[in-house]
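Report on the following structure.
Every chain is numbered from 1, with letters handed out A, B, ... down the list of sequences.
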2 protein chains.
Amino acid sequence: MDLWQLHIFVSVVENKSFSKASQAINLSQPTVSSHIKELEDYFKCRLLDRLGKITEPTKAGEILYQYSKKILNLRDRAESALHDFLGKTKGDLLIGGSTIPSGYIIPKLIGPFSKKFPEVSIELAAGDTMQIVREIKKGKIEIGIVGAKIDDPGIKQEKLVADEMKLIIPLSHKWAKRASVDCLELFKESFIAREKGSGTWKSILKSMEDAGFDPKGLKTCVTMGNTISVIQGILNHVGISILSTIAVQDDIDTKRLKALPVKGLALDRFFYITLSKKRTLSPIGKKFIDFCKAYYGLNFV
Amino acid sequence: MDLWQLHIFVSVVENKSFSKASQAINLSQPTVSSHIKELEDYFKCRLLDRLGKITEPTKAGEILYQYSKKILNLRDRAESALHDFLGKTKGDLLIGGSTIPSGYIIPKLIGPFSKKFPEVSIELAAGDTMQIVREIKKGKIEIGIVGAKIDDPGIKQEKLVADEMKLIIPLSHKWAKRASVDCLELFKESFIAREKGSGTWKSILKSMEDAGFDPKGLKTCVTMGNTISVIQGILNHVGISILSTIAVQDDIDTKRLKALPVKGLALDRFFYITLSKKRTLSPIGKKFIDFCKAYYGLNFV
DNA sequence: AAGTTTACATCAAATAAAATTATCTAGATT
DNA sequence: AATCTAGATAATTTTATTTGATGTAAACTT
C-alpha cells in the first residue's frame, strides 16, 4: 500500500475503468491491473467489481476510496506547503543580537525588511554574545549579529558592518572644535569606564595594550553598566568615554555629542553575522542575510 | 515521495539519527541515506541537518514531518477501518424484498439478526420483483429476497424457503373440518381474486392452466389490491382465496383462518435469495445470508 | 596530539519491483 | 457465429531498492 497504488486505485474508481485509468495516468492497462491486484491481495478482499461495461468499487473499495482521497489530498497539501515555504518569503524568523546590534543595528534593519516582506514575522532576542551563540548552535536562533569573533568549530561568521569606536565628548567640551585627539591626552580627563564583561570595554583595553599604553592610567571616575548610562554620563559632564559611533549616531546627528578619532589606537572592530556551520539556513533567513548585506553595501560602499 | 520514504523520514526525525532509524525499521543505514537523499532531491532542499552527534530537521523538514505524521496516521486509520469492516460485522446493509418477503419473511429475520449483530443497521426496501432486481444490478440493494426465478445473466439466486400456497377459509366455513379440497370444488365458491400484476395471482392462474383447468370458471366476486385486503375479505365472508401460508401463518396460529391444500394444483413455489452475479458481497451481506440459511435450516429440517 | 569511535556518504553488485508488449479469456454486441 | 470490449496473464525489459564494503569527517579518548 503506497501512494502510487492509491493514486492508481482512485483513478480506476473515478474512471470506472482499468483501461481508461491507465490512459489517464500514462500507464499500460496490465500495470493498473497488477497494482489493483496487489492492493486486493494486501487487504485480502475485492476492492473493485469488474462489471463488464464498467467497474465500480465494492463496499470495502468505497471505504478505501474515501481514505485514499483524503491521503492524496494531504500529500498535495504537504507539497504545496513546502513549496510555499521554499518559494515565498513567509513565516517566522528568530534573530539574536548582542548588546549593540540588538539596540542599534538590528532595529534599523527590521523596519525596511518587514516592509519588503510583510508576511515574515520577526522576533529579536537580545543577550550576551555567548547566549546568542549557544542558541544558534541549538537551532533556536537562526541568525545572530554579534560584535566578537567566535572561536567555535560549529559557528561561521561574516563581517556585516564596521564599528568605529571614537572618543565621545559633549559639544561644550574644550576639544569640541578639534578633529582628533591623541591617546596620551585621554589620561588627563575623567573617563567613564564600563563593567568588566562589556565587549566595548574589552575592546578599549585591548587596543590600548596593543598600542603600548597602560589602561590603568585612565582616570576612571565611574563605571557604568550599559551604553545608555555612559551617554547620559557624558551629556551630564561626568566624564568622557570611548563608544561605538553606531550607538551614538543619533546624538551626533542631533549635535548633542561629538565623536573624535583617537590617534594611536586601533579602535575598529566589526559586527558579524553569526550562523551555525551545520544547520541549514531557511529561505527566510537567507533573504534576511541578503537584505543585511545589501543594506550595508548600499550605505557604505 | 511515497509512504515508505515518509515513514523512513519520520523515523529519522524521531530517532534523531539515520543509523538508529535504520535499525528501528530493519534497514541498512545506506538505504535510509538514499531515501532521505531522494526526498531532498525531490523537494530541492535540505530536510535534515546532520549535526554530527544527532540529526535534526530543518525548517522545511519540520513542515514535512508534520504532514508526514498526518499522512501516515491517515494511512493507519484507513487500514484499520478496512480491517474493521472486513472483520467486524458492523455497518449498513440494504435488503430488498418483493411483496410477501418484505411483508412476512424479512421482518421475521431482521429481529434476531439485529440481536446477534447489533452494530449492523439494516434497511429494508419493498418493491416489485423487477424493481428489486434492477436495484440489485445497480449495486444499490445488496441482497434481495423475491418469489420468482429471474432470467437474467447478471443475477444469481438460491432457494431460501418454500412457499406453500393453500386455500384459505374462515373457521366458520363449511370446509373447516376437512383436510383438503379438490380443485374442481373451488369453482362452486365465491373466490377473491388479485390484481393482474400480482405474483400470487400469476402463480394461481399458471398452476390451474398447468393442471388443465380454466381459471375463468372461478366465481371471482371481487379483486383485491393486496394480501391484507384478501385476508380481511375472507374473515368477513366475502369469499375464499388461495394465499401463501407464510402470509397467513399468524391468522392460522390464532385460529382465525384455516389453510387447506388444494388437490390437483401445484401450488408450491419458492422464495429466492437474489444477488448480483458480479458484484462482491460485503462481509455483512455474507453474514446475513448465512443467517437466513441457518434460520430456515434449523426451522424446517 | 594521535588513535578511536560515531555517524553519515558513496559505490558496485545483487535483488526485487514495476512497466511493457503480446497474448488470452469472458462477456457483450452485431 | 463473428466481432468488440474490458480485463487477466505471461514473459521480458527496465527501473528501483537494498545491501555490504568502504570512505570521510567530526567528536571523543587517553
Side-chain angles (χ1 to χ4, degrees), chain A residues 1-9 11-42 46-58 61 137-139 150-156 276-280, chain B residues 1-9 11-42 46-58 61 137-139 150-156 276-280:
Chain A
M1 183 191 189
D2 64 28
L3 292 175
W4 184 228
Q5 287 171 337
L6 295 183
H7 180 214
I8 293 170
F9 173 71
S11 181
V12 173
V13 171
E14 293 180 349
N15 284 289
K16 293 175 177 290
S17 152
F18 282 55
S19 35
K20 277 187 200 129
S22 76
Q23 286 173 274
I25 48 189
N26 286 313
L27 283 175
S28 66
Q29 169 263 310
T31 303
V32 173
S33 288
S34 95
H35 281 294
I36 298 300
K37 185 178 184 321
E38 198 153 300
L39 278 177
E40 290 183 332
D41 289 349
Y42 178 74
R46 211 134 226 252
L47 296 169
L48 294 163
D49 281 330
R50 290 74 160 171
L51 302 173
K53 229 173 121 70
I54 58 164
T55 289
E56 287 188 346
T58 63
K137 290 180 76 180
K138 269 207 263 174
I150 309 300
D151 183 25
D152 185 313
I155 290 291
K156 64 181 172 192
S276 164
K277 195 175 274 176
K278 289 183 183 166
R279 289 188 189 271
T280 304
Chain B
M1 184 192 189
D2 62 29
L3 292 175
W4 184 228
Q5 287 170 338
L6 295 184
H7 179 214
I8 293 171
F9 173 71
S11 180
V12 173
V13 172
E14 292 179 350
N15 285 287
K16 293 176 177 289
S17 155
F18 283 53
S19 35
K20 277 186 199 129
S22 75
Q23 287 173 271
I25 47 187
N26 287 314
L27 281 175
S28 68
Q29 169 265 311
T31 303
V32 173
S33 288
S34 93
H35 281 295
I36 297 300
K37 186 177 185 318
E38 198 154 301
L39 278 176
E40 290 182 332
D41 289 349
Y42 178 75
R46 210 133 226 252
L47 296 169
L48 295 162
D49 281 330
R50 290 75 159 169
L51 302 173
K53 223 173 128 69
I54 58 164
T55 290
E56 288 188 346
T58 62
K137 290 180 76 179
K138 268 207 263 173
I150 309 300
D151 183 27
D152 185 313
I155 290 291
K156 63 181 172 190
S276 164
K277 195 176 274 175
K278 290 184 180 166
R279 288 188 189 270
T280 302

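A sub-4.0 Å separation between OP1 or OP2 of D/dG7 and a side-chain N or O of A/Ser17 is present. Close to D/dA16, at under 4.0 Å from its OP1 or OP2, lies no side-chain N or O of B/His35. Within the structure, every side-chain polar atom (N or O) of B/Trp4 is placed at least 4.0 Å from both OP1 and OP2 of C/dA17.
Where B/Gly154 and B/Ser33 meet DNA chain C, the nucleotide closest to each residue was compared, and B/Ser33 sits on the side nearer the 5' end. Mapped onto DNA chain D by nearest heavy atom, B/Val32 and A/Pro153 fall at different nucleotides, with B/Val32 at the one closer to the 5' end. Taking the nucleotide of DNA chain C with the nearest heavy atom to each of B/Lys20 and A/Asp2, the more 5' of the two is matched to B/Lys20.
Between the CZ atom of A/Phe18 and the C1' atom of D/dT9 there is a distance of 14 Å, rounded to whole Å. The separation between B/Asp152 atom CG and C/dG27 atom P is 14 Å, rounded to whole Å. Spacing between atom CG of B/Leu39 and atom P of C/dA9 amounts to 13 Å, rounded to whole angstrom units. The separation between A/Lys37 atom NZ and C/dA17 atom P is 14 Å, rounded to whole Å. When rounded to the nearest whole Å, the span between OH of A/Tyr42 and C1' of C/dA17 equals 17 Å. Distance B/Gln23 CD to C/dT6 C1': 12 Å, rounded to the nearest Å. Between the CG atom of B/Leu3 and the P atom of C/dA17 there is a distance of 16 Å, rounded to whole Å. The separation between B/Leu47 atom CG and C/dA9 atom P is 12 Å, rounded to whole Å.
Counting non-hydrogen atoms under 4.0 angstrom, A/Gln5 reaches nothing in the nucleic acid. At the heavy-atom level, A/Lys278 lies under 4.0 Å from the strands shown only through sugar-phosphate atoms. Backbone-only engagement by A/Ser19 is indicated by non-hydrogen atom pairs under 4.0 Å involving sugar-phosphate atoms exclusively. Using a 4.0 Å heavy-atom distance criterion, B/Leu27 is classed as a sugar-phosphate-only contact. A/Ser34 comes within contact range of no nucleotide atom at all, as no heavy-atom separation falls under 4.0 Å.
Comparing atom distances between the B/Glu38 side chain and each of D/dG7, D/dT17, D/dA10 picks out D/dT17 as nearest. Of the candidates C/dA9, D/dC28, C/dA22, D/dC28 carries the atom nearest the B/Lys53 side chain, counting heavy atoms from C-beta on. Side-chain proximity of A/Thr31 to the nucleotides D/dT9, C/dA19, D/dT18 is greatest for C/dA19.
Not a single donor-acceptor pair, N or O on each side, falls under 3.5 Å between the base of C/dA7 and the side chain of B/Gln29.
Side-chain contact, B/Gln29 with B/Ser33: a donor N or O sits under 3.5 Å from an acceptor N or O. Inspection of the A/Asp49 and A/Thr58 side chains reveals no N or O donor paired with an N or O acceptor under 3.5 Å.
Between A/Lys137 and A/Asp152 the shortest side-chain heavy-atom distance falls below 4.5 Å.
Other residues, nucleotides and ligands place no more than 12 heavy atoms under 6.0 Å from the NZ atom of B/Lys53. Within 6.0 Å of the NZ atom in A/Lys37, the count of heavy atoms belonging to other residues, nucleotides or ligands does not exceed 12.
Once rounded to the nearest 0.5 Å, the distance linking CG of A/Leu3 with NE2 of A/His7 reads 10.5 Å.
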